[in-house]
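These notes concern the structure reproduced below.
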Amino acid sequence: MVCRRGCRKSVNREKSMNWKLRKKHEALLSRERGFVKKVWGTGCAVCLAYPNVYRVGMANLGFQTVYKIFNELTSFLCERVFLPAAGDGAESAVGAGEMLSLENLRPLRDFDILAFSVSFENDYPSILKMLELGGLPLKAQDRNEKHPLVIGGGIALTLNPEPLADFFDVFVPGEAEEILPAFARSYRQARQKELGRRELLYDLQTQVPGLYIPSLYNVDYLPDGKIERIYPLAKGIPQKIKIHSIKNIDAFCTAETVSSPDSEMADMYLVEVNRGCPHLCRFCAAGHVYAPPRFRSRQSILEAVDAGLKLKNKIGLVGTAVSDHPELAEICRYIAERGARAGIGSLRLDRLDEKTAQMLKTGGIETVALAPEAGSQRLRDLLRKGIIEQDIIDAAKMLIEKDILNLRLYFMTGLPSETDEDIDAIIELVKKIQHTAVSVTHGQKKFRRITLSINQFIPKPRTPFQWCPLADVRVVGRRIRKISQAFRKDKQIRILTGVPKWDFVQALLSLGDRRTGDILLAAHRLGGNWTRALREVNINPDFYVYRSKGTDEILPWDILDVGISKKALVREYLKMPAANEDKTAEQADFTPVF
Ligand code: SF4
C-alpha cells in the first residue's frame with residue numbers, strides 16, 4: 001500500500017502513529033470510571049472537544065457536564081477528544097485526519113457535531129490546531145454537509161465569541177443545562193427534515209432561543225475602525241441574542257461524571273456549590289456573567305457528596321463563591337464525619353473564621369490561597385474587593401495558628417491608575433504577612449512558604465472594566481521585576497508570574513472583534529509565531545488592546561445579552577476615579593508592543 005504521494009514509508013509511519021494513539025486511548029479509558037460508550041451508529045454522534053490536553057480537560061466540570069447532558073439523551077451519543085499531548089501520534093499527523101475520539105476511536109469527520117468547551121482565551125489557537133488535526137476546514141464557510149457541525153460554548157465564548165466567529169458554525173453561550181437539550185431536539189428535527197447546511201443553521205437560529213449563529217449576522221465598521229452596527233442577515237432571527245440563566249440550579253446535579261487518575265484533580269471528586277457571586281468585584285467576569293448568585297441546597301450537594309465518597313475520599317467543592325455558601329461548615333462537617341476531606345476551590349478571606357480555618361485544618365489542607373488582588377487600599381476599593389488590610393492579616397494569622405503553613409497570595413498588576421506606590425504597597429503587605437506568620441509561630445514551628453502569584457490584569461468583557469485598556473506589558477514587566485527583586489534573597493517567598501507576551505495575546509482575544517480572527521488564523525499558519533502574525537496581518541492589535549473605549553461604542557460582544565444591563569456597567573465604570581484617567585491615556589498608550 002502506498003500513500004497518495006506514492007510513499008510507502010509515510011503510510012507506515014501514519015499507521016504506527018495511529019496504533020500508538022489507539023493504545024494510549026485504550027489505556028486512558030481503562031483507568032476511567034463513569035465514561036459512556038454507546039454503540040456507534042445508533043444516534044446523532046457528538047464529539048466533545050477540549051482545546052487542551054486530557055489532564056486539564058478532565059478537571060473541567062463544565063466539560064464533564066456537557067458530556068453527561070448529551071449522553072443522557074437517548075438519541076445522542078457523545079465521545080471525547082483532547083488536544084494531543086507532545087509525543088502523541090496525532091500531534092505530528094497534521095491534516096491526516098488522525099484525531100480519534102476516546103471511546104469508539106472514531107475520526108472527527110465521522111461525527112455529526114464537533115462541540116468545543118472553551119474556558120480560556122489562550123486555548124483558542126488549540127481549537128484551530130484540533131480542527132486541522134481532524135482534517136476539517138478551519139473556516140465555517142468552507143465546510144459542507146459532509147462535515148460535522150462545529151459548535152462551541154463555555155465562559156470564554158459567552159464573554160465574547162467574536163474572534164472565533166469565522167471558525168464556528170454555532171455558538172451555544174451561557175449555562176448548558178437548558179439550552180443544550182433544546183439545541184439537540186431542534187438539531188434532530190432539522191436533520192429529519194433533511195435540510196441543507198444553510199437551512200439547518202437558519203432553522204436552529206429561529207427555533208432555539210439563546211443560540212448564536214455568527215454567519216447569520218453581519219458587522220459594519222466605521223472609518224475609524226469602530227463598529228457601526230451588528231445586524232441579522234435574514235428575516236425572522238433576533239437582533240440580539242438573549243441568554244437566560246438557570247433559575248433553579250438544584251434541578252441539575254453538576255458533579256464529576258467521569259473520574260480519572262490521569263486528571264489534574266485526580267484525588268478529588270468535584271461537586272459544584274454555586275454559580276455567580278454576590279460580591280461583583282469590578283474586574284471579575286465570572287461574577288458578572290453568571291449573575292444572579294445562586295447556591296445549591298445542602299441536600300443536593302450532600303447527595304453529590306455521597307456519590308463522590310463511593311469513589312474518592314476527598315471532595316472538591318467548586319464554584320465562584322464557595323465560602324459564601326450559608327451551610328458550608330455543615331457540608332464540610334458532613335464530609336469530615338465520614339472520614340473524608342474537603343477541598344475548597346476559592347476562599348474569600350473576609351469569610352474566614354475560626355470554624356472555617358479549623359475545618360480546613362481537619363480537612364488536611366496544607367496550602368490555602370487568598371486573593372488580596374492589590375497591595376493598596378485605594379486599588380482594592382477600585383476593584384470593589386470589599387476587604388481591608390486587617391482582613392488579610394487576620395486571615396493569614398488564623399490559618400497559621402491552625403498550622404496551615406503554606407499560603408498562596410494572588411495579586412494583579414497593571415490595574416487602571418496603578419502607580420509604583422501601589423507596587424510598593426504589595427511588597428509592604430507581603431512583608432507584614434510574613435512578619436505576622438513568624439510572630440505567630442514564635443520561631444517554634446517552621447513557617448514554610450508564601451507563594452505570590454502575580455498576574456497582569458486583563459480587562460474582561462461584561463465587567464465595568466471592559467472599556468479600560470490593557471496596561472503596557474513592558475511597564476507591568478518592570479513592576480513585576482521590582483517585586484521579584486524585593487524578595488530575591490528570601491527563601492520563604494516564591495514568586496510565580498505570567499508571560500507578558502501571552503497577556504497581550506489574551507487581551508487581544510478577550511477584547512477583539514471578528515477581524516481579530518485573521519490574526520489568530522495567521523498565528524496558526526505560522527506555527528504559533530504571534531510576533532510574525534501581528535506583523536503580517538494588516539490589523540492594528542493595539543486598537544483592541546491599548547485603546548480606552550468610549551461608553552457609547554458598540555462593543556463586539558454586544559450581540560449577546562447576558563442579562564447585565566450595560567447602563568449598570570457604565571455607572572460602575574464611571575464611579576471609578578481611574579475611568580477618566582484612562583480616557584486621556586488613549587493616544588499615549590497607542591504604541592505597538594511587538
Ligand atoms: S469574590 Fe471572587 S468570584 Fe466573587 S466577584 Fe469577587 S473575584 Fe469574582
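Atom NZ of Lys247 has 12 or fewer neighbouring heavy atoms from other residues, nucleotides or ligands inside a 6.0 Å radius.
Proximity of a side-chain donor or acceptor of Gln141 to a complementary backbone N or O of Asp166 within less than 3.5 Å is not detected.
Between Phe82 and Tyr50, the two ring planes are tilted [angle within 30° to 60°]. Taking the six-membered ring where the residue is Trp, Tyr187 and Phe76 present tilted rings, their angle falling between 30° and 60°. The aromatic rings of Phe504 and Tyr546 sit perpendicular, their planes meeting at an angle over 60°, well past the 30° parallel limit.
With sequence neighbours left out, Arg514 forms a side chain to side chain contact (heavy atoms under 4.5 Å, CB included) with Glu162, Ala165, Tyr212, Pro214, Tyr217, Val219, Tyr221.
For the residue pair Ser510/Tyr544, the side-chain donor-acceptor check at 3.5 Å is not satisfied. For the residue pair Asp203 / Ser186, no side-chain donor-acceptor distance below 3.5 Å is found, with atom types taken as modelled. Side-chain atoms of Glu79 and Trp40 include no donor-acceptor pair closer than 3.5 Å. Side chain to side chain, His147 and Asp142 fail the donor-acceptor criterion of an N or O pair below 3.5 Å.
The shortest distance between side-chain heavy atoms of Ile246 and Arg294 falls below 4.5 Å. Within the 4.5 Å cutoff, the side chain of Val562 has heavy atoms near those of the Arg462 side chain. The shortest side-chain heavy-atom distance between Pro161 and Leu560 falls under the 4.5 Å cut-off. Within the 4.5 Å cutoff, the side chain of Arg80 has heavy atoms near those of the Glu32 side chain.
Between Lys193 and Glu199, none of the side-chain N atoms (NZ, or NE/NH1/NH2) sits under 4.0 Å from a carboxylate O, so this pair counts as no salt bridge.
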